[in-house]
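Down below is the structure, laid out as structure tokens.
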Amino acid sequence: MTAPHALEQLRELALEEIAQATDEQSLEAVRVRYLGRSGRISLWSEQMKTLSKEEKPVVGKLLNEVRGAVTQALEQRARVLQSAKETETLAGIDVSLPGTPVDRGSLHPLTQMLDRAINVFRRMGFALAEGPDIDTEWNCFDALNTPPDHPARNEQDTFYLPDGRLLRTHTSTVQIRTMTAAPPPIRIIAPGAAYRRDEVDATHSAQFHQIEGLYVDENVSVADLKGTLEFLMHELFGPETAVRFRPHYFPFTEPSFEIDVKSKALKGGERWIEVCGSGMVHPAVFEQVNRARGDNAYDPEKWTGFAFGLGMDRLAMILFDIPDIRYFAHNDLRFLKQFQ
Ligand code: DAH
């Protein structure tokens with residue numbers, strides 16, 4: 001048999017086997033049999049050496065043709081097999097049926113309130129700080145100049161863990177954590193949950209949320225505190241909002257204030273509503289921090305600071321006109337869907 005004749009036969013054989021391949025594996029086996037390293041077509045390339053001068057160009061050209069035809073047939077067959085496989089997978093599935101609608105979620109009203117306030121503080125250059133919900137008595141009370149016999153430390157008011165740690169009763173713990181970790185100047189806010197053993201009613205919940213703030217630098221004054229919190233309230237509740245600083249007592253600040261807001265834009269607009277505790281950081285707090293740090297980084301002669309704790313549940317209740325703090329935790333969709 002002449003070389004061209006043998007090649008023609010090889011082509012026919014290969015094309016026939018390709019046409020008969022019924023899946024990817026058998027098709028691959030055909031490819032290896034003909035085009036693999038020692039496949040039947042590949043072997044022909046090696047045999048070229050043995051051919052005469054006259055035969056070489058003719059056979060060479062034909063060999064290329066055969067290789068091309070077989071390669072093309074393999075690709076084509078692969079496509080046919082692939083699409084058959086897809087058709088089979090989709091059999092019985094009506095892709096034109098409408099899908100199952102997925103309800104769009106939305107942010108919890110408290111989260112929305114936190115985000116708004118955090119954005120305002122960011123514009124004023126406050127960085128975000130964090131602390132754990134479970135903390136030590138020292139971070140929660142001692143370092144904050146709260147003596148052991150202070151009523152807030154009572155077991156009736158605070159959730160203590162068996163190991164002596166507690167669920168923080170305020171986010172002021174993060175003030176201490178931040179100062180023991182880094183020297184001044186400090187300008188942070190710390191949003192988070194706090195816990196108290198309060199009798200639960202429409203305005204009290206065992207878990208509530210605060211944004212703590214702390215600003216320590218040289219020459220920080222009550223004017224800075226006032227400016228910062230007035231700006232916040234005006235951004236949140238509108239420029240008409242009145243802000244009142246009422247003298248108060250906190251162990252960790254001196255002087256201390258409670259802050260009330262009143263705005264016609266809000267429901268119940270003529271009433272003062274208390275939203276925040278605040279004051280100038282007590283020198284005793286700086287001294288406790290210095291003792292823990294083992295240095296004098298917070299020298300009370302050099303540094304002053306203001307601090308505040310905003311009641312976020314209260315703020316959200318005012319802004320969204322929510323009558324009962326317990327709604328925040330009920331997870332009732334009829335409630336949550338009102339804040340989309
Ligand atoms: N920790 C106080 C509370 O939960 C609020 C507060 C008052 C925070 C004065 C402060 C502050 O940072 O300076 O009632």
Side-chain angles (χ1 to χ4, degrees), residues 1-112 114-116 118-119 121-123 125-133 181-182 188 191-192 331 333 336-337 339-340:
M1 191 161 44
T2 61
H5 189 73
L7 265 173
E8 292 290 3
Q9 265 195 352
L10 195 56
R11 162 158 55 188
E12 257 162 58
L13 204 58
L15 295 183
E16 200 173 311
E17 285 184 32
I18 289 169
Q20 278 164 7
T22 50
D23 55 33
E24 277 169 40
Q25 289 93 313
S26 53
L27 188 65
E28 173 62 8
V30 178
R31 190 192 66 77
V32 171
R33 199 146 53 238
Y34 288 91
L35 298 175
R37 198 187 290 230
S38 46
R40 299 178 69 175
I41 293 177
S42 313
L43 288 180
W44 264 94
S45 307
E46 279 167 36
Q47 280 175 33
M48 290 288 290
K49 297 192 278 282
T50 64
L51 296 178
S52 67
K53 259 203 187 103
E54 298 77 43
E55 271 181 314
K56 249 185 203 165
V58 183
V59 175
K61 185 162 174 271
L62 185 58
L63 184 58
N64 275 340
E65 268 177 37
V66 171
R67 191 186 288 113
V70 170
T71 306
Q72 207 186 351
L74 279 168
E75 284 168 6
Q76 212 165 7
R77 185 71 188 149
R79 277 197 295 275
V80 170
L81 289 177
Q82 177 65 24
S83 100
K85 206 165 125 190
E86 279 165 16
T87 312
E88 197 184 329
T89 319
L90 288 176
I93 299 175
D94 182 352
V95 291
S96 68
L97 277 175
T100 315
V102 179
D103 263 351
R104 239 186 109 161
S106 60
L107 292 177
H108 192 279
L110 261 174
T111 306
Q112 293 184 33
L114 277 164
D115 286 351
R116 283 193 198 206
I118 289 168
N119 274 329
F121 282 121
R122 285 221 133 127
R123 281 159 56 202
F126 283 83
L128 273 175
E130 260 186 338
D133 291 14
I188 56 110
N331 266 347
L333 281 178
L336 295 173
K337 280 189 168 170
F339 307 96
Q340 277 178 339

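This one's a predicted model, so the numbers in the text were calculated from it and none came from an experiment.
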| said: Surrounding CD of E24 (heavy atoms of other residues, nucleotides or ligands, distance under 6.0 Å), is the total greater than 12? | reply: no
| request: Considering non-hydrogen atoms only, spot the tightest contact between T87 and S83 and give its length. | output: OG1-O, 2.7 Å
| Can you tell me how far the CD atom of E28 sits from the CG atom of L74, to the nearest 0.5 Å? | 8.5 Å
| query | If you look at every heavy atom in L7 and V66, which pair is closest and at what distance? | reply | O-CG2, 4.1 Å
| request: Search all heavy atoms of A14 against all heavy atoms of V30 and return the closest pair with its distance. | output: O-CG1, 4.4 Å
| said: What's the separation between atom CG in L107 and atom CD in Q340, rounded to the nearest 0.5 Å? | reply: 10.5 Å
| So does Q47 have more than 12 non-hydrogen atoms from other groups sitting under 6.0 Å from CD? | yes
| Under 3.5 Å, side chain of R77 to main-chain N/O of L27, donor-acceptor pair present? | no
| note | When rounded to the nearest 0.5 Å, the distance separating CD of E17 from CZ of R31 is 14.0 Å
| message | My understanding is that only residues two or more places apart in sequence, or in another chain, count here; which of them pass ring pair (Phe, Tyr, Trp, His ring centres under 6.0 Å) with F126? | response | F121
| query | For Q82, does the CD atom sit with more than 12 other heavy atoms under 6.0 Å from it, leaving out its own atoms? | reply | yes
| request: Please identify each residue that fulfils side-chain contact (heavy atoms from CB on, under 4.5 Å) with E16, with sequence neighbours left out. | output: Q20
| What residues, two or more places apart in sequence or in another chain, satisfy side-chain contact (heavy atoms from CB on, under 4.5 Å) together with L51? | M48, E55, K56, V59
| Rounded distance (nearest 0.5 Å) linking atom CD1 of I118 with atom CG of L128 | 5.5 Å
| field | Minimal non-hydrogen separation, S42 against G36, with atom names | value | OG-O, 2.7 Å
| request: In sequence, state the C-alpha distance, the side-chain angles, and the governing distance for L62 and E8, and then conclude on side chain to side chain contact (heavy atoms under 4.5 Å, CB included). | output: CA-CA 8 Å; L62 185 58; E8 292 290 3; 3.7 Å; yes
| Inter-residue atom distance Y34.OH - L13.CG, 0.5 Å rounding | 3.5 Å
| said: Using every non-hydrogen atom in the two residues, find where A73 and L15 come nearest and quote the distance to one decimal. | reply: CB-CD2, 3.5 Å
| Pair R67-N64, side-chain donor/acceptor within less than 3.5 Å | yes
| message | If you count heavy atoms of other groups shown closer than 6.0 angstrom to CD of E88, is the number above 12? | response | no
| request: Would you name the heavy atoms of A129 and P191 that are closest together and state the gap between them? | output: O-CD, 3.9 Å
| task | Check the surroundings of atom CZ in R122: do more than 12 heavy atoms from other residues, nucleotides or ligands lie under 6.0 Å from it? | result | no
| With side chains defined as the heavy atoms from C-beta onward, is the minimum distance between K337 and D103 less than 4.5 Å? | yes
